[in-house]
Participant: 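Structure below; questions to follow.
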Amino acid sequence: RHHLNMATSSSSPSLGKIRSPGPLASASAPRLGGPPATASGSGYVNIGTPEETVLETYFVMLSKFNFERAKEQCDREQENKSGVSGANWCDFMGLLSKLASAETSYFNLSFMEQSSWRLVRRESLKVTYESILQELKKVHEVYLHRRGGTDFSWERRLTELVSHVMEYVAAKRDMTDFYVSFDLLDGSHLDYRKMEKYLRDMNDRYKDNFQHPFLKPIKSIFTREVGVLNDLLHAQQCISDWQFLPAIFAIQASHNKLSIWNGVVPLRSQGDHGSRQAKSSRSRPLSPPPQAKLPYLYKWICKFHVMLLAKFSLYFHTVLTEHASIYDMKHLSGKLDTDYVQSLFSMIRQTPSICACLVFDSNGLPDFKGPKYRFPDSPAPVLTGLNSYPIIISVPYDFDFLHHRANIVSTIMNKGQQLNSSPALVSQHDEKLHCTYYMAQVDPRVTLVAVSMARGKDRDTKTTVLLTEIASQLRNSYVAALLRPG
């Protein structure tokens, strides 16, 4: 019950006001120059020279998704300092202005919008980041040759900053490929292991990069974005492999990261006060302050999180009902955006179908011990024949599969290639039992099945429509489609 309460309480995470990161550099950290930092009441750090203030405020604004204000500041600085601070400084301000515009497109996912030329549009943001990167290299090269001889010279510090900004731009350029790949596959046959590996490689490649004190706020946002996406992909993989404990750990990890990003859970985690606040955050939905402005990317990540919670509640419904009554399960599941169990019951009421179920293929998993947690050293039961295709859940719960199970397993085995290669339903009619089996593969090892008693070989249109819709949602096709705003 605790796990489902956690799931339903976090079903609507959303973005609150990002906490001010405080001073962006410690007293001992290398800085661009000027006196030590002092925090202002506005949440921005006003230190040293006016140029330092412009730079530090700019990156804080990006971390708070105030892209327009960040761009306006750079444009104003470029205009005011034209012919005063030198062309290179103005060029740098112009590139930071372009970066703010690129970040607007990135976090609003506007580069993913549907259009007749959407493939060109998707590539345009990657090209924009690459263009900014190449221009930054030119600025970096100029400052590299002009920097002074002392460790505290302006040129030397600015050269270091530009190199860190270049690393950040390269990271965002590479992240655009992730979202484009996710959407192009449309959720139908998404290789989650490959996508998870891509994010792990991204994290390993950039975890030690763009660590300049000024870039600390946007470094934090990037780390949270990659981290929560990695947790969600891992959760999806564990759910599809019917592994309860790893799945709940991954979902909890993603919930914690979203909560920190949302500003609900405090960054400190030590002490009783912090523990009580962290615990209380799981007992209420995440909600932003009224004035919070949510970037579309954050909303999409939250939607992905919510959809996985609904999927988790279906795949592990039997396990969860061992710790809560059917009434409690119905009440808690009803708080989710999608209650798959009730969707299956509704389909049966509206169609000639007498049963719907999810079937798991455990073949090729020698260490499979079932969905429940067992001690790692406990022997795994050997599943053979029909038992190697356990039923995850059936609706109605007490449906007798005695006469149907062999037919279902036989169809899954004989038409496995067809099920795996196409999102379309596969049907098999049984003359003896006067029923038709409709099947759709929703995960590599999970098949959604409906047993229909429609007369003869007539196609049960209502069943196929509803089953196709449920299968599409379980494949996360809806989540992939939401990557395209509008």
Side-chain angles (χ1 to χ4, degrees), residues 1-13 190 192-200 202-204 207 223-262 264-267 269-270 274-275 277-286 301-324 329 332-333 335-336 340 360 362 365 367-378 380 392-393 443-446 474 476 479:
R1 184 181 301 186
H2 164 72
H3 296 308
L4 194 60
N5 269 301
M6 181 280 297
T8 55
S9 67
S10 60
S11 61
S12 301
L190 189 60
Y192 291 100
R193 294 185 190 276
K194 182 178 179 180
M195 302 299 288
E196 186 182 353
K197 183 180 183 302
Y198 183 87
L199 288 179
R200 286 201 305 269
M202 281 283 297
N203 183 64
D204 294 340
K207 65 181 180 181
T223 301
R224 290 168 189 169
E225 177 191 350
V226 174
V228 72
L229 285 172
N230 189 74
D231 288 336
L232 291 174
L233 290 177
H234 185 61
Q236 158 62 33
Q237 190 60 49
C238 293
I239 292 172
S240 66
D241 287 342
W242 210 22
Q243 298 178 342
F244 176 80
L245 197 61
I248 195 66
F249 282 165
I251 289 177
Q252 181 66 62
S254 66
H255 169 75
N256 291 342
K257 289 182 176 68
L258 286 171
S259 298
I260 293 174
W261 195 349
N262 191 17
V264 173
V265 177
L267 293 177
S269 59
Q270 299 177 354
S275 299
Q277 282 191 307
K279 184 177 180 180
S280 65
S281 72
R282 293 194 293 267
S283 63
R284 64 179 188 276
L286 305 180
I301 294 175
C302 291
K303 188 65 177 179
F304 190 12
H305 178 259
V306 169
M307 295 299 289
L308 285 182
L309 286 173
K311 188 172 182 176
F312 174 89
S313 69
L314 174 67
Y315 278 48
F316 301 102
H317 186 272
T318 303
V319 177
L320 294 170
T321 51
E322 294 181 1
H323 305 280
M329 281 295 300
L332 294 172
S333 298
K335 296 181 179 180
L336 299 172
Y340 287 112
F360 182 76
S362 66
L365 297 176
D367 297 328
F368 178 72
K369 300 179 180 181
K372 300 179 182 179
Y373 175 73
R374 287 180 172 80
F375 188 71
D377 293 336
S378 63
I392 294 177
I393 184 175
D443 278 314
R445 293 184 174 276
V446 181
L474 288 173
N476 298 320
V479 175

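Keep in mind it's a predicted model, so treat the numbers as computed, not measured. The chain is numbered in sequence order, starting from 1.
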Participant: Heavy atoms only: give me the nearest Leu308-Ala235 pair and the separation to one decimal.
Facilitator: CD1-CB, 4.3 Å
Participant: Kindly give the heavy-atom pair with the smallest separation between Ala310 and Leu336, and that separation in Å.
Facilitator: CA-CD1, 3.8 Å
Participant: To the nearest 0.5 Å, how far apart are CG in Leu233 and SG in Cys238?
Facilitator: 11.0 Å
Participant: Taking the side chain as every heavy atom from C-beta outward, state whether Glu196 and Gln236 have any pair of such atoms under 4.5 Å apart.
Facilitator: no
Participant: Sequence neighbours left out, what passes salt bridge (Lys or Arg N to Asp or Glu O under 4.0 Å) with Lys207? Give chain and number order.
Facilitator: none
Participant: Mind listing the closest non-hydrogen atom pair of Phe316 and Ala247 along with its distance?
Facilitator: CE1-CB, 4.3 Å
Participant: Distance check, rounded to the nearest 0.5 Å: Ile393 atom CD1 versus Thr321 atom OG1?
Facilitator: 8.0 Å
Participant: What distance do Tyr192 atom OH and Asp241 atom CG have between them, rounded to the nearest 0.5 Å?
Facilitator: 12.5 Å
Participant: Could you walk me through whether Leu365 and Phe360 pass side-chain contact (heavy atoms from CB on, under 4.5 Å), step by step?
Facilitator: CA-CA 11 Å; Leu365 297 176; Phe360 182 76; 3.9 Å; yes
Participant: When you look at CZ of Arg193, are more than 12 heavy atoms from neighbouring residues, nucleotides or ligands closer to it than 6.0 Å?
Facilitator: no
Participant: As an exercise, state the distance from NE2 of His255 to CD1 of Ile260, rounded to the nearest 0.5 Å.
Facilitator: 10.0 Å
Participant: Please report the closest heavy-atom contact between Met329 and Ala324, naming both atoms and the distance.
Facilitator: CG-CB, 4.3 Å
Participant: Check whether any side-chain heavy atom of Ile301 lies under 4.5 Å from a side-chain heavy atom of Leu229, and answer yes or no.
Facilitator: yes
Participant: Any heavy-atom pair between the side chains of Ile251 and His305 that's under 4.5 Å?
Facilitator: yes
Participant: Looking at NZ of Lys197 and CG of Asn230, how far apart are the two atoms once the value is rounded to the nearest 0.5 Å?
Facilitator: 12.0 Å
Participant: Could you report the tightest heavy-atom contact between His234 and Ala250, atom names first, then the distance?
Facilitator: CD2-CB, 3.8 Å
Participant: Could you go through the side-chain contact (heavy atoms from CB on, under 4.5 Å) check for Phe312 and Leu320 one step at a time?
Facilitator: CA-CA 10 Å; Phe312 174 89; Leu320 294 170; 4.3 Å; yes
Participant: Determine the minimum heavy-atom distance between Cys302 and Leu258, stating which atoms define it.
Facilitator: SG-CD2, 4.2 Å
Participant: Exactly one of Val446, Leu314, Asp443 should register a side-chain contact (heavy atoms from CB on, under 4.5 Å) with Leu474. Which one does?
Facilitator: Leu314
Participant: At what distance, to the nearest 0.5 angstrom, does OH of Tyr315 lie from CD of Gln243?
Facilitator: 13.0 Å
